[in-house]
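In what follows, a single structure is set out as structure tokens and then discussed.
Please read all numbers here as calculations on a predicted model, not as lab measurements. All values below were derived from every heavy atom in this structure, side-chain atoms included, with hydrogens, water molecules and symmetry-related copies excluded.
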Amino acid sequence: MTHYALTQTAVWAADLEAKGFLGTVGKIAAATIIFFIAIGLIVGLLIGFFVGRAVGRNQGRRD
């Protein structure tokens, strides 16, 4: 009986450690994805701004 309880305790501790590790990895992965999406949005806005200035300003009214 004592051996069974110790085994179950060790398995439970390993399970908690694995869940903690996977949770940490998941948080790092989510932060990385959010970071790259934010960088992509900023770069897209900058490219759109400069392309818009280069293309759109010279096309005024055509009478």
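I39 is not connected to I28 by any chain of hydrophobic side-chain contacts under 4.5 Å among Ile, Leu, Val, Met, Phe, Trp and Tyr, and they are in different clusters. In terms of hydrophobic clustering, with Ile, Leu, Val, Met, Phe, Trp and Tyr side chains grouped at heavy-atom distances under 4.5 Å, I42 and I34 are assigned to different clusters. Note on V25: it does not cluster hydrophobically with I33, by side-chain heavy-atom contacts below 4.5 Å among ILVMFWY residues. At a threshold of 4.5 Å between side-chain heavy atoms, the hydrophobic network of Ile, Leu, Val, Met, Phe, Trp and Tyr places V43 and I37 in two separate groups.
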